[in-house]
Every structure is written in C-alpha cells, then in structure tokens.
Asks: 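Got a structure for you, written out below as structure tokens; questions coming shortly.
Basis for what follows: all heavy atoms, side chains included, without hydrogens, waters or symmetry-related copies. Naming: A, B, ... by sequence-line order, numbering from 1 per chain.
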Amino acid sequence: MSEEQQQSVNEYRAQRIVNLRKLEELGFEPYGRAFERTRLSEVRAGFEEDKKVRAAGRLMTIRRMGKASFATISDGTANFQIFIKKDLLSETLFEGFKHLDLGDFIGVEGRLFTTRAGEPTIEVHSWSFLGKAILQPPEKFHGLQDVEERYRKRYLDLMMNPESRDRFNKRSAILAEIRNFLHARGFIEVETPMMQAQAGGAAAKPFYTHHNALDTEMVMRIAPELYLKRLIVGGFDKIFELGKNFRNEGIDRTHNPEFTVLEVYEAYGDRTSMKAIIEGLLPHLCEKVLGRLTVEYGEAKEILDFTPPYREIAYKDAVKEMMGQDWFDLTVQQARAKAEAQGLEIDPAWDHLLITHEVYDKLVEKTLRQPTFVTRVPRQFVPLAKACADDPELVDVFEFVVAGKELCPGYTEQNDPEAQRKAFADQVGEDTEKIDEDFITALEHGMPPTGGLGMGIDRLVMMLTGTEVIRDVILFPQLKKLQTPSRQ
RNA sequence: UGGACCAUAGCUCAGUCGGUAGAGCACGACACUUUUAAUGUUGGGGUCGUGGGUUCGAUUCCCACUGGUCCAACCA
C-alpha cells in the first residue's frame, strides 16, 4: 500500500503504522515482552537522587528538543517524567525514540535526578519497546470530556482522566474494606443464586431468561434476601453477600439495571444490631478509604459528616417536624389541603396514611442531609419486617438516609411463617403461585430472631466519593446499543 | 414512556441572521541537548450524527430517525 493510499484511509493511524514498521526495521519487537519494573508510585515515594530504577508506562506527553527530549509516562499508579539524551543512548535507541507516538508503551532503565525546574525525572540509559498504540489518545490537556464516549469507551476515560481512575480505585477499596470490617466481626461471605425460579425479596420487575437443558424460565434475581434467610435457618449466624441485583426498571442518574448490593444478616440480632453495624462500618470506610470522616458531596460541596452516633428519629416525628405537631390529628380533608398547599399532588382517593407517605417521600426525606435513621415505619410500607413490640401498626425497621436519599434499610426480620405467608399473599394478590413456598417451609423449620440490612453499594460509593451520577461509579453502565454510528 | 435541549476535524471547542467552515491540542516537515499544556516556522486533515422536505442553493430552516443530557413518572 502506498503512503498516499494509507493516508486516505486514516492519516493518523497510517502514520503510526509507518512508525511501527520503522521500529521493527530497527530491531524492536512491535508488541514487547514482560518487563520487570518498579511501579511509578513507588519510584516517586522512594525517590533518591542518582538511584538506579526500572519503570514502565504509557507515553502521555513528549517534548522533543532535537538531541534531547522529555516525556511523561503513566503506569496507572502515577505519572513520571523521563529524560532522553543523545549522548546517553546507543544510536539505535536514540533513533528509535523518534518513532514513538503518544499512547505507546515503553520500559525504561536509568538514573533518578531532579531537573532545573525541580521535576523528579528518570534519566534514561536504556529503554525497551513494550507495545504500539496505532490509534491516537484523546486530547492531553482536557482529557476525554464527551459524556457518552466516557461511558462507551471507559478505557479512554480511565487512561486520560485521573479523577475517574481515582474514583474506581476508591470503589475497589470500599469493597475490600467492607469485607475486612465484616470478617473482623465474624461474618462470613456467602454466594446465593443470581438466576432464580421466581423473583423474591423485593418488589421490582425482573429480567427473564431461559435455561435450555432444564427447558425452564428463570429470572435474574431482584434481591438475595430469601436465600440468605434460608442460610440463617440452616445455622449460619453471621453472613453477608456482596453481589449484583437486576431490576427491569427505568435508568436515570441514580438507577442502573444491574447494581451492587450488600446484604448482612445476624442471627439473634435485630434492627439495633444492624444500626450498630452501620455506625461502625461507615466511619471505618471513611477512615480507611478517605482518611477522614467528612465528605464533600456534589457540586454544592455539601459537607456530610459520618462521625457516629447518627441521629435517630421516628417516621411520624419526622413528618410532624415538617407538617406540624397536629398533623396526625387532622382529618383527611385537612391533611390533603395542607399537603397540596406545600405543592404536592394528592390523589383524592388517598387516605391519611398515603398522604403522609407522599409527604415523607417528597418533602421530608430530602431534608435529611446528615446521616439519619428513620425508625418505626407504618407496616403497610414494609410488608416483610416484624412489628414493633409496642405497636403492631409500626414495623421495627430503619431507613438510613444520607444527603436526602435512602441509602440502606435495616430490619428486624420476620421469622413467623404464618405472618410471612400473609405478607406474601397481600403482596402478590391473585398470583398465589408466586409465593415462595420453599422459603415458607424453611421458616417453618424455625428461624432465630434476626437482624438484616441491605445497602446499595453504588450509592454508597457515590456518597463517599461525592458523585451525583451513578454512571460515574459503574465502570460499564448500561447504555443503549448504537444502531448507526453517531460519529466516527 | 412524555417534555426541553444537544450532536461541527482524532480530541477540546468556536462559527455560519441560508452562499459547503475556524482555533488550540494531536499529526507531517524544518530548527532546537534541562523541557513540563515546551517553543518558533510551515503543511495536511471535515459528505457539520443519519434520512427526507423547503429552497436557485441547507452544516444553518422544517419533519422523522439514532444516540446523549436534563426534567417528570417507576424502582434502590
């Protein structure tokens, strides 16, 4: 292929292939070999003048000045400047450097020194070619800004945008520290089916799939809860699962169809033992991952303080704070008028309870900025939990709310099989075949009093990294498939 | 699923009250042995998301579609 033809296909790509061929002519292997090296973060941390180092990375910038050049390499842990000088290299290595492009991988060997401008730098005495990039990286200063491209081509986002890489490093650290925290308290990690015969443990539309050999319909789980409780029946006393749930619902800035959840169950515990876990786990994560107990959240840089203990307030008291102490003495008509005066749309068929819940959802929750446990919730809204000991109309749960959003419910779990069956029946209505009879049977074998909680990990990561968009904490968020390329 | 907005060079962005487009980075050439968004000179690069309509003429106006963003409804 002539050079003109190559350039008509894609000038930039062709130019890089020309450089690749020239490197091959000089005796370089085009895609390299393993290279023993020290991570750049460690080179930086252990910097000593004149120390010999071997390091490797992707070329991020090159500043060529005739017989000397500076470049920056990145290995994902840090950036580091390297210095190339004609006097210090063989003719082949100096000539070869001219044919390197941004995005290529090299390994370097040399001496640490500090430039006149004060920049720690590797003076390169020898280098190896570790791999060619035949496509250009995005713009070096602004990085990759296009929101859609950052999700579809996450590798470019991670390559160019350090804040994105940092966010996913934090996500990994959060997951590791959740495990450390729970293991240290005697919890074991378990795995339960993500493909189930029926979708239980929550109210959401599932994804359906089909098993060929069994010739049977299956659903992707919407929650692991019913399997985890079977394990409590089986005698595991402290368990957790960290895994994906799948819900066939809308996608927006706080919802992805597959999302990661932590569920924890503790036999012989209840809501208060779950509360203790939250008040231990969140400060632990803040300390280990962020090194402090406060987070700057969102564009407004709101300060969230995770220093325990956290505020606890009864559901009804939270509503009274917003709507007045006489709220629960009002008639339905008075309550509706008062709610509508606050700008809510109230269905005329709603009773006092539903109006109250609308008030809580639309007005109260968003005002709970600092970590708060909302307790003693009307049983109609949480059918699978156990009633409060002193009031059968309220269930013994908490909703843990941070920055105006529900982060994590905690329960005193239902262990009465008859009450559980009734709650299922109310939930499914006519579809009695959707009741998980095997689960009821398990409860009939006896389940100890148990506390449980379920935390959305994506939202937790959002909270702790100050991110307001769930897609920014999920490496490959769900997007529509491209039918025709929107751009080339 | 409804409403508003967006899509221009590989990337980051200007722009055209309708006469087929510019900058910076990146890329090619030349110069330069401590630069760091290197610098100086110079050159190339675009069916302006896709399809239709109006028009002498559409990247620009209108319609549909595709993808995205935000808002509203469902879910965590």
Asks: Roughly how far apart, to the nearest Å, are B:A14 and B:G49 at atom P?
Replies: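 My reading of the P atoms in B:A14 and B:G49 gives 15 Å.
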
Asks: With a 3.5 Å cut-off and heavy atoms only, can you find an N or O donor on one side and an acceptor on the other between the side chain of A:T115 and the base of B:U35?
Replies: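 Side chain to base: pair present.
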
Asks: Does the base of B:U34 carry an N or O that pairs as donor and acceptor with the side chain of A:R116 under 3.5 Å?
Replies: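 For A:R116, whose side chain was compared with the base of B:U34, there is no donor-acceptor pair (under 3.5 Å).
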
Asks: Of all the heavy-atom pairs spanning A:L102 and A:P137, show the shortest one and how long it is.
Replies: O-CD, 3.6 Å

Asks: Nearest-nucleotide wise, let me know which of A:N19 and A:G118 is further upstream toward the 5' end of RNA chain B.
Replies: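 Mapping each residue to its closest nucleotide by heavy atoms, the 5'-most match is A:N19.
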
Asks: Using a 4.0 Å heavy-atom cut-off across all strands, classify A:T72 as base, sugar-phosphate, or nothing.
Replies: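 The answer is nothing, as A:T72 stays clear of every strand by at least 4.0 Å.
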
Asks: Using atom C1' of each nucleotide, how far apart are B:A72 and B:A58 to the nearest Å?
Replies: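 Comparing C1' positions in B:A72 and B:A58 gives a spacing of 35 Å.
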
Asks: Reading RNA chain B from 5' onward, which residue's closest nucleotide shows up sooner: A:E258 or A:A71?
Replies: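 First, find each residue's nearest nucleotide; the 5'-ward one identifies A:A71.
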
Asks: With centres under 5.5 Å and planes under 30° as the test, does A:F259 stack with B:A76?
Replies: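 Whether judged by distance or by angle, A:F259 passes, so it stacks on the base of B:A76.
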
Asks: What is the nucleic acid contact for A:D252, judged by heavy atoms within less than 4.0 Å: base, sugar-phosphate only, or nothing?
Replies: base

Asks: When all nucleic acid strands are considered with a 4.0 Å heavy-atom cut-off, which category describes A:Q81: base, sugar-phosphate, or nothing?
Replies: base

Asks: Take the angle between the ring planes of A:F113 and A:F83 and call it parallel below 30°, perpendicular above 60°, tilted in between.
Replies: tilted

Asks: Would you mind classifying the nucleic acid contact of A:N256 as base, sugar-phosphate or nothing, using non-hydrogen atoms under 4.0 angstrom?
Replies: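 Base, at least one base heavy atom under 4.0 Å.
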
Asks: For a quick test of reading the model: is some side-chain N or O of A:K480 closer than 4.0 Å to OP1 or OP2 of B:G67?
Replies: yes

Asks: Run the salt-bridge test on A:R21 and A:E24 with the 4.0 Å N-O cut-off and return the result as yes or no.
Replies: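 Looking at A:R21 and A:E24, the cut-off is met.
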
Asks: NA contact type, A:A203, heavy-atom cut-off 4.0 Å: base, sugar-phosphate, or nothing?
Replies: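 It contacts sugar-phosphate atoms only.
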
Asks: In the structure shown, which nucleotide is the Watson-Crick or G-U wobble counterpart of B:C30, with both distances under 3.5 Å?
Replies: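 Its partner is B:G40.
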
Asks: I'd like to know if A:D270 and A:K386 make a salt bridge, using a cut-off of under 4.0 Å between side-chain N and carboxylate O.
Replies: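 Salt bridge flag = no for A:K386 with A:D270.
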
Asks: When both hydrogen-bonding distances must be under 3.5 Å and the geometry is Watson-Crick or G-U wobble, what is B:U69 paired with, if anything?
Replies: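 Across all strands, the one nucleotide that pairs with B:U69 is B:A4.
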
